[in-house]
2 protein chains.
Amino acid sequence: MTTERGASPLGRGRRPTIKDVAQAAGVSRSTVSRALTGRGYAADDVRERVQRAAAELGYVPDVMARTLKQQVSRSIGVIVSDLRNPFYADLAAGAGAEARSRGYTMVLADTGLSADAENEAAEAFVALRVAGVVVTPNSPKVSTYLGSHGIPVIEVDRQFAPGVTDGVVVGNRVGARDATTHLVSLGHRRIALFIDETNWTTGYERYQGYSEALAMGGATVEPELVVSSGWDVADSRRRALDMLRLPDRPTAVFAANNVLAEGVWRAIAELGLRVPADVSLVAFDDAPWMSMVSPTVTAVAQDTMGLGAAAVRRLHERLETPDGESLTTVLAVRLVTRGSTGPCPDGARGTG
Amino acid sequence: MTTERGASPLGRGRRPTIKDVAQAAGVSRSTVSRALTGRGYAADDVRERVQRAAAELGYVPDVMARTLKQQVSRSIGVIVSDLRNPFYADLAAGAGAEARSRGYTMVLADTGLSADAENEAAEAFVALRVAGVVVTPNSPKVSTYLGSHGIPVIEVDRQFAPGVTDGVVVGNRVGARDATTHLVSLGHRRIALFIDETNWTTGYERYQGYSEALAMGGATVEPELVVSSGWDVADSRRRALDMLRLPDRPTAVFAANNVLAEGVWRAIAELGLRVPADVSLVAFDDAPWMSMVSPTVTAVAQDTMGLGAAAVRRLHERLETPDGESLTTVLAVRLVTRGSTGPCPDGARGTG
DNA sequence: AACCGATATGGCATCGTTCCCACACGGGTC
DNA sequence: GACCCGTGTGGGAACGATGCCATATCGGTT
């Protein structure tokens with residue numbers, strides 16, 4: 001015997017139901033329901049007796065039965081791409097806290113970068129009859145699928161269906177432009193961009209911001225300086241090693257997310273390059289390590305927990321107003337200037 | 001209109017039920033159930049027809065109804081202390097992946113270091129009738145409560161009820177001993193210990209390991225070098241600043257978790273101390289930043305995702321064998337030697 | 001011709017909760 | 001005394017899926 005069961009005078013392993021409470025309190029099931037939920041009449045003494053009986057038995061209403069009857073659940077699904085990435089972990093933490101404060105239970109699915117997992121999670125959420133879903137989508141499929149089942153979806157961080165599905169994103173374009181402009185104003189012209197892709201809103205907008213800043217600085221995008229890397233540190237590191245070994249290497253790198261930044265940072269360290277004397281680095285998304293390494297890394301900080309919280313808030317509103325206009329919320333970002341960005345080395349000036 | 005509803009020929013917002021499928025396929029509900037679940041007879045042509053009808057309607061069985069009828073759910077609850085801490089995030093990721101591979105849905109609760117949230121989560125899990133719960137407990141209450149409701153619990157990382165509840169932990173004692181012995185063998189004798197507490201299994205065991213290693217090296221625990229810090233970076237940093245400013249400061253610090261290590265690390269950097277020339281640092285739990293800062297930080301690495309996965313595996317076994325002996329699984333750790341540990345400075349030798 | 005087993009399907013009670021409806025009581029009004 | 005109201009309670013039908021049991025058909029056996 002390991003776990004003690006049934007502290008109550010019921011059969012072993014049987015959980016008390018509303019019927020048990022009714023019997024113990026000497027009333028009907030209906031009365032117990034009214035007394036405990038507070039909906040409908042119940043005399044004070046009866047209410048009290050029922051509550052005591054419920055507490056004594058350790059009665060907890062069965063959410064399954066309740067949801068089945070009421071046809072609305074108080075749980076929301078959250079799908080993130082990779083919990084091990086602090087960005088998604090923070091986002092989930094923010095969503096979880098907000099959900100809790102609004103009385104929702106969060107069901108979290110970590111797809112671990114697998115498309116299958118994303119679809120499976122969506123189906124599981126339909127099966128669970130969640131009230132709504134918050135997702136950092138990797139394809140338009142999830143939103144379409146859930147939408148066709150009448151489940152409200154909030155796309156967060158990236159958005160595949162603006163205008164149709166609600167979204168919560170950050171100022172990607174502005175953030176990327178500020179970051180790049182910062183480098184331009186330090187004299188850099190050959191600025192590499194490490195980015196995961198340029199098709200989704202996020203990547204596209206960050207690319208746009210980068211491009212605009214270059215244009216404003218009188219430079220243009222050089223295709224060989226734009227690296228579309230895979231979604232992991234190893235690949236980013238490899239690509240960065242290749243690029244930084246070139247004789248005419250860029251004088252600065254803008255890494256469009258924390259994973260890519262880590263790869264670039266590791267490559268720089270391996271090559272023994274000095275930061276920012278040899279090369280400047282700026283990242284989009286301020287991961288914890290960026291303020292711990294030396295030099296510290298200049299980054300576009302986003303309120304990641306706020307992003308998750310805002311998504312849940314939006315979902316809550318959507319549930320209250322199912323037919324309202326769909327809305328995209330844009331959260332502000334801010335450039336945190338640190339040690340990794342400095343003036344363009346004299347030798348490289350004017351060559352770009 | 002934002003979300004499209006009811007691609008199927010049903011009423012707006014109505015989700016197809018088994019009855020709709022039965023009607024569409026021209027069979028009874030029982031037959032649909034058998035055809036889709038594969039339990040019981042169903043002629044090949046009928047099975048096919050039913051499956052086609054289900055697919056066409058986008059039918060997804062209602063987990064609520066199924067669970068209500070079967071009285072066993074396929075979801076497990078996971079309670080972690082702080083998703084923003086990479087340790088818990090990795091643990092949750094490991095648990096989630098393992099759960100998914102075994103066909104469970106994970107319901108995650110992040111207590112954010114609040115005791116209330118822990119109890120609320122436990123109650124929510126009872127209400128949800130989860131099959132079992134994996135928890136990094138902060139008090140014995142959760143396990144007792146869930147146990148009294150007949151819900152199997154796996155305590156992970158720390159264990160309040162060994163012998164009663166299953167547990168999955170790491171070799172805290174050995175890890176702490178190895179870490180401390182490493183410092184001792186480098187000549188250190190005045191070794192500070194930063195630890196969150198010394199009462200739970202985790203803290204107690206790490207303290208024991210530290211103490212044993214000192215004894216083996218011919219030194220003893222000096223109470224003023226043992227700091228029981230709060231569970232956040234700021235506090236740890238403050239306490240480290242105080243200690244490292246002392247004239248007879250320790251020559252090495254063993255930080256018993258990644259949060260405390262971060263505080264100590266920041267304090268060291270602020271004071272401009274050289275690592276490891278002035279002070280050596282070793283941490284329990286190898287967080288990502290430890291291999292990125294310079295010098296890199298020597299740490300006791302634990303397989304955090306493995307910890308989460310092992311907990312879910314153990315829970316699965318427990319569900320199959322409810323009355324088996326309760327078991328505590330101990331996972332191995334290994335000391336990763338890096339740049340933050342070096343010989344004890346000559347001046348300090350022999351003063352401890 | 002009666003019977004059997006195998007194959008295949010439908011009827012129906014059930015899980016725990018909610019909530020509509022019916023009903024019962026006491027007291028006030030006409 | 002018939003009525004209606006307000007207050008309080010219980011009966012019972014749902015919600016959607018499952019799975020036991022009854023039933024039906026058919027080929028083969030006794």
Review point. To the nearest angstrom, how far is B:R15 atom CZ from D:dA17 atom C1'?
Key: 15 Å
Review point. Is the shortest distance from a Lys or Arg side-chain nitrogen in B:D62 or B:R15 to a carboxylate oxygen in the other one below 4.0 Å?
Key: no
Review point. Is it true that atom CG of A:D45 has more than 12 heavy atoms of other residues, nucleotides or ligands lying nearer than 6.0 Å?
Key: yes
Practice item. Let me know the distance between CG of A:L68 and P of C:dT17, rounded to the nearest Å. Key: 12 Å
**Study point:** Option among B:V164, B:V153, B:I151 that satisfies the side chain to side chain contact (heavy atoms under 4.5 Å, CB included) test with B:S143
**Key:** B:V153
Practice item. Specify the separation, in whole Å, of atom CD1 of B:I18 and atom C1' of D:dG19. Key: 11 Å
Review point. Do A:Y104 and A:L319 come close enough that some side-chain heavy atom pair is under 4.5 Å?
Key: yes
Review point. Does a nitrogen or oxygen in the side chain of B:Q71 sit under 4.0 Å from OP1 or OP2 of C:dG16?
Key: yes
Check your understanding: Has B:Q70 got a side-chain N or O lying under 4.0 Å from the OP1 or OP2 atom of D:dA17?
Key -> no
Point to revise | Short side-chain donor-acceptor distance under 3.5 Å, B:R66 and B:T37 | key: no
Review point. Could you give the CG-to-C1' distance, from A:L36 to C:dC19, as a whole number of Å?
Key: 15 Å
Review point. Taking 4.0 angstrom as the limit, do A:R52 and A:E56 come out as a salt bridge?
Key: no
Practice item. Would you kindly give the CZ-to-C1' distance between B:R66 and C:dT14, to the nearest whole Å? Key: 16 Å
Practice item. Give one of base, sugar-phosphate or nothing for B:T37, where a contact means two heavy atoms less than 4.0 Å apart. Key: sugar-phosphate
Review point. Can you tell me how far P of D:dC15 sits from CG of B:D20, to the nearest Å?
Key: 11 Å
Check your understanding: Can a salt bridge be assigned to the pair A:E120 and B:R100 using a cut-off of 4.0 Å between side-chain N and carboxylate O?
Key -> yes
Study note, to complete from the structure: note: B:R47, atom CZ; C:dA8, atom P; distance rounded to Å ~ 10 Å
Practice item. Classify every nucleotide of nucleotides 6-13 of chain D by which part a protein heavy atom approaches to under 4.0 Å, writing B for the base, S for the sugar-phosphate alone and - for neither, in 5'-to-3' order. Key: -SBBBBBB
**Study point:** Whole-Å distance separating the NZ atom of B:K19 from the C1' atom of D:dT18
**Key:** 16 Å
Review point. Is any side-chain nitrogen or oxygen of B:T17 closer than 4.0 Å to OP1 or OP2 of D:dG16?
Key: no
